[in-house]
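Following: one structure in structure tokens, then a few remarks.
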Amino acid sequence: MQKLHVTNGKSGFGWFGKKIFETLPVGIVAFDRNLKITDANPHAAKLIDLTDKIDKSLQRGTDGSASASQDWSQQLESVILTGKARTFESVRYTSNGKTKLLRIACAALKKTGTGKNCGGTIIIEDITEQVNTRCQLANAERLATVGKLASRVAHELNNPMDGILRYINLALRTIEKQDLEKPKEYLTHCREGLVRMVQIVSELLEFSRNTYSPFEHVRIEQIVEDSIKTMDTKGEASKVKILRNYASDIPEIRSGNLFQVFCNLTKNALDAMPNGGELNISTRMSAKDTAAVEFRDTGVGFDAEEREVIFEPFFTTKDRGKGTGLGLAICKDIVERYGGKITADMAPKGGSIFTVYLPVRSENT
Ligand code: ADP
């Protein structure tokens, strides 16, 4: 493919801005209404493989990626046509076998005098480092949450471990005395203790798993639907009807660990309706910058005393082996890290209402 000669701002940007144009640490490309490149600074050539046309230059590095910005001709033409600027975040661009993450901002260029759009310009920024650092930070945040729970976990594991040790000692002593009924009983206690420890550990491991990349922007209902899917068989078995009522005006949201939150709220609702019932999941804007996701069930509910401690780690009313009491504590932690909050209310006609309030901003930060 023909390579474009970088013109260093001679034509589209004029003599005055030439120096700035040449030294800017971002790529700038100007193009006409047929998407033919008219100008590009040296940094642009470092970030993307420039050819004669801007759509082709972008397409060749982003082909095969799942990005919504794949059809570059369409996207750029619409910017020129509508005059509406657009920014594409975290575009995966591969060149010479190396993949970078780029932020690409496009705007229309107006012809002086006529005010008509005669082409466009794009500014390309390499944000690979920035995104990696943010991912590392999100991971560190997750680990910090686990760390906070660790001392409670150690305390909670202490009891079953102590029990196991005592019963093993008793079993050994009884075996020495040849009385074989008792060791069976002691080993049963050991197994119970172990089951509890395994549960606590697997719940913590579950927390470190993530379905979405932490900074992906997605529609809230997509995360909710994905969490329902993981619970599908449980819902069917308990004959729970899941109803949805999603508002259409909620901006996309940074996915973070919301998947875990919604999985846990769905699981708890299903657990609260062992003989069937209804789980109503709805979304709405509760204030200008706050989205609310509500899980309303017709299950066993909880009383005022339980409500006081419902978000405390290790509070559970579930049978031995069925609950650890970690789920809601983790949900609360995740939601608060978002700058949001989670509430638990008793439904007027019985059942529970858990509501997650999340800050949303139109620019999706
Ligand atoms: P776990 O599910 O392991 O018990 P959670 O922290 O998720 O831990 O929940 C703590 C307790 O809160 C549950 O044991 C239950 O008593 C109560 N709870 C949670 N969700 C509901 C619900 N939808 N309806 C009634 N009670 C609930």
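Both counts, for ligands and for their atoms, begin at 1 and track the order of listing.
- For atom 8 (O) of ligand 1, the nearest non-hydrogen atom of the protein is Gly325 CA, 3.2 Å.
- What sits closest to atom 2 (O) of ligand 1 on the protein, heavy atoms only, is Lys318 NZ, 2.5 Å.
- Shortest contact from atom 24 (N) of ligand 1 to any protein heavy atom: Ser352 OG, 2.9 Å.
- Electrostatic pairing of Asp52 and Lys56 counts as a salt bridge here, judged by a charged N lying under 4.0 Å from a carboxylate O.
- Classification of the Tyr167-His189 ring pair by plane angle, with boundaries at 30° and 60°, yields parallel.
- Counting heavy atoms under 4.0 Å from ligand 1, residue Leu265 does not touch it at all.
- Counting heavy atoms closer than 4.0 Å to ligand 1, residue Asp297 contributes side-chain atoms (C-beta onward) but none from N, CA, C or O.
- Here is the list of ligand 1 atoms found below 4.0 Å of a heavy atom in Gly327: 5 (P), 6 (O), 7 (O), 8 (O).
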Worksheet item: Does the pair Ile122 and Phe31 meet the rule for a side-chain contact (heavy atoms from CB on, under 4.5 Å), with working shown?
Response: CA-CA 8 Å; Ile122 62 168; Phe31 49 92; 3.7 Å; yes

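- Within the 4.0 Å heavy-atom shell around ligand 1 one finds Phe354.
- Using a 4.0 Å cut-off between charged nitrogen and carboxylate oxygen, Glu294 and Arg284 count as a salt-bridge pair.
- Checked for salt-bridge contact, Glu185 and Lys182 meet the test: a charged N lies under 4.0 Å from a carboxylate O.
- Between Leu328 and ligand 1, at least one pair of N/O atoms sits closer than 3.5 Å.
- Using a cut-off of 4.0 Å between Lys/Arg side-chain N and Asp/Glu carboxylate O, Arg296 and Glu278 are scored as not salt-bridged.
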